[in-house]
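Structure record follows, encoded as structure tokens.
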Amino acid sequence: MECRPSDRVPFVPAIYEHKAWFVHSTPSVVCRDVKLFTEALLAEYESVRPDALTVGVDVYNVEAEAVGCKVRYYGEGDSSVPAIEPDTVLYHGEDDIGSLRMPDPSKDGRMPVNVEVAKNVVQALGKEIPVRGAVSGPFSMAASLVGPENFLMLTITQPALVHEVMKFCAEVIKQYATAFVRIGCGVVIFDSQSSPALISPDMYRDFVLKPTQELIRSLQTLGVNNVPLIVGGNTSDILEPYLETGGNNILCDYPANAGEFLARCSAARRAFRRNIDSSDFITTTPEKLRARTRECLDEGKGYPGFILGTAVAPFGTPLEHLLAIKTAVEEYSKKGSA
Amino acid sequence: MKELQELADHLINGYADRVAAVTQDLLNKGATPQTILNDGLIAGMTVVGERMRTGEMYLPEVLQSASAMHVSLKILKPHLAKDGVESRGKIMMGTVKGDMHDIGKNLVGIMLEGAGFEVIDLGLNVQPQKFVEAIQTHQPAIIGLSAMLTTTMLNMKTAIEAIAHAGLRSKVKILIGGAPVSQKFADDIGADAYARDAVKAVDKVKELIAA
Ligand code: B12
């Protein structure tokens with residue numbers, strides 16, 4: 001059902017900005033430097049041995065930046081995570097849609113940096129584990145281009161325009177994702193701004209489902225069979241359309257109901273990743289994390305499509321904390337098969 | 001008055017044009033701006049808050065109602081000023097340094113305005129010193145700090161320390177919120193209060209103002 005080790009539940013922690021920590025640097029530096037970024041991924045692999053690697057640091061910015069939004073990077077020693085400057089949105093009204101420029105993944109913004117890093121990592125580790133380029137989902141990218149609140153309001157006042165912007169974004173993402181696929185890398189889509197924290201299940205169906213479905217289908221046509229689609233938050237209310245996107249695996253973030261995901265994903269023969277809450281990753285203890293991991297593993301017991309993950313690991317998460325989760329996964333599987 | 005209920009209903013439905021028309025109509029008919037504010041806008045936004053809490057309304061709809069509220073407030077403001085009607089208190093909001101999440105903070109601001117408070121928004125990624133300067137300039141009763149990241153919530157502590165260092169701690173109450181923070185964290189960093197969501201934030205602000 002998913003590329004997985006045969007003897008245990010796969011472990012896929014969400015390490016994005018925290019990658020920089022493995023090379024004693026900061027997210028703002030690493031995400032713009034091919035060499036350091038590559039080294040960070042290799043170091044992440046060496047230290048944590050996760051079952052998949054994601055090429056991405058500030059996972060929601062790359063596409064919008066390549067179209068022309070400005071990203072705020074932080075100075076030396078500041079480990080804050082880069083994000084789009086809110087006052088650089090590109091879409092202010094109907095007339096702007098025609099003026100949005102389709103970026104070239106080999107030239108624009110940091111797209112070429114990420115693709116180059118992916119190439120290096122695929123070369124080094126591609127035979128051992130899945131390597132995936134991080135792309136935005138169309139809704140999240142559109143929210144960055146338009147500004148999230150304006151975009152949310154447009155879903156009510158000008159739905160046709162929202163569809164237009166979504167179409168443009170889906171095409172940008174498709175081009176960018178294709179660049180990853182061409183160098184032998186997989187793709188993972190991040191679309192947490194389409195979560196019920198921000199839009200209703202009906203809106204998900206009206207605006208998000210179709211372009212996401214098409215994007216995933218086009219990647220499958222290119223030979224990428226498993227396209228993880230990451231939507232954080234409590235996604236229980238959108239579980240049906242979430243499955244209809246065709247994403248495999250999908251995310252059951254810590255506030256979502258694992259029982260429902262298990263029932264629906266087994267019926268649909270789809271893998272899902274259950275996240276451990278990461279909000280105390282810096283301050284907690286390995287013992288507590290081991291216990292929390294076991295509880296999570298119980299939730300997916302026996303299901304071959306179950307993956308154990310974490311919510312985004314904050315920059316500076318102690319290595320022993322990530323390893324405590326990993327060890328708990330390994331021990332659990334041994335105990336289970338004994 | 002029938003029109004006040006109409007005003008509240010249009011507000012709940014997010015019909016800015018109708019909200020503007022009914023606000024003007026009520027003023028023409030001699031309703032006091034205070035009545036329009038209390039029995040139209042605040043009444044309507046209370047329902048919006050309740051429906052958001054129960055999941056009947058989602059963010060896009062709430063934002064629509066908020067923008068209708070702003071249209072009406074714009075019409076009312078000069079009249080409120082003329083009548084010498086004061087807001088229920090001045091609240092300053094900001095997302096702390098390094099954090100670029102502001103949707104939740106803005107929603108808290110909307111609900112506070114919808115409850116009759118004056119809200120000053122410092123935006124996101126706000127440096128501690130900027131909080132200090134803004135307190136000196138605006139002299140708010142309460143300052144609301146927001147953080148959505150485990151890493152940036154620590155910058156709430158830095159902001160509070162800067163406020164204390166400037167000798168302003170006793171002049172403002174500090175309310176904190178955002179997904180990773182908790183009452184315990186509020187206690188640990190010396191904030192005065194914590195609220196889980198926008199509706200609870202309004203209750204807390206009322207408590208803090210009354211205290
Ligand atoms: C939208 C979003 C973004 C948008 C933000 C856009 C914007 N202008 O706000 C963007 C794309 C920029 C973004 C970026 C990132 N994000 Co983000 N994001 C979210 C998301 C999907 C929704 C947050 C939201 O707006 N919710 C809706 C509002 C209404 O709810 P709320 O924010 O919780 O606010 C309510 C309460 O918390 C409270 N409240 C909030 N503030 C205040 C203040 C006071 C005074 C009070 C009383 C109450 C209060 O009341 C609010 C209303 O009820 C969440 C996941 C989720 N589904 O919740 C992740 C999430 C918050 N992000 C996360 C992360 C990790 C990131 C990034 C680091 C990702 C990356 N590697 O690039 C970056 C960081 C950028 C930066 N420097 O800040 C994590 C945080 C994990 C953690 N605990 O540290 C989350 C939880 C996702 C996850 N599951 O891992 N993100």
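Side chains are part of it too, since the values below use all heavy atoms of this structure and drop only hydrogens, waters and symmetry mates. A, B, ... follow the sequence lines: proteins, then strands. Residue 1 opens every chain.
The residues A:D280 and A:R292 are annotated as salt-bridged, a charged nitrogen and a carboxylate oxygen being separated by less than 4.0 angstrom. By the 4.0 Å N-to-carboxylate-O rule, A:D253 lies too far from A:R273 to be salt-bridged with it.
Every side-chain contact (heavy atoms from CB on, under 4.5 Å) that B:V126 has, sequence neighbours left out, goes to B:L122, B:K130, B:F131.
Between the B:D25 side chain and the B:A21 main chain, no donor and acceptor come within less than 3.5 Å of each other. Using modelled atom types, one side-chain atom of B:T54 and one backbone atom of B:E50 make a donor-acceptor pair closer than 3.5 Å. Here the side chain of B:K90 pairs a donor or acceptor atom with the backbone of B:H138 at under 3.5 angstrom. No donor-acceptor pair under 3.5 Å is formed between the side chain of A:N257 and the backbone N or O of A:S236. Checking side-chain atoms of B:T152 against main-chain N and O of B:L149 turns up a donor-acceptor pair under 3.5 Å. Judged purely by atom type and a 3.5 angstrom limit, A:K326 has no side-chain atom pairing as donor or acceptor with the backbone of A:L322. In this structure, the side chain of B:H10 does not engage the main chain of B:V19 through any donor-acceptor pair within 3.5 Å. Between the side chain of A:D58 and the backbone N or O of A:N61, no donor-acceptor pair lies under 3.5 Å. A donor-acceptor pair is defined here as one N or O able to donate and one able to accept, closer than 3.5 Å; no such pair exists between the side chain of A:S140 and the backbone of A:S136.
Heavy-atom distances place the backbone of A:S278, and not its side chain, under 4.5 Å from chain B. In this structure, the portion of A:D237 lying under 4.5 Å from any heavy atom of chain B is its side chain and not its backbone.
Near-neighbour residues of residues 198-207 of chain A relative to chain B, defined by a heavy atom under 4.5 Å from a heavy atom of that chain, comprise A:L198, A:I199, A:S200, A:P201, A:M203. Proximity to chain B among residues 145-160 of chain A is limited to A:P148, A:E149, A:L152, A:M153, A:T155, A:I156, A:T157, judged by heavy-atom separations below 4.5 angstrom. Listed by sequence position, A:R72, A:Y74, A:D78, A:S80 are the residues of residues 67-80 of chain A in contact with chain B, using a 4.5 angstrom heavy-atom cutoff.
In terms of heavy-atom pairs under 4.5 Å with chain A, the best-connected choice from B:N125, B:N155, B:D99, B:V62 is B:N125.
In this structure, B:K157 places its NZ atom where only 12 or fewer heavy-atom neighbours from other residues, nucleotides or ligands lie under 6.0 Å away.
With no hydrogens or angles considered, no side-chain donor-acceptor pair links A:T310 and A:N275 at under 3.5 Å.
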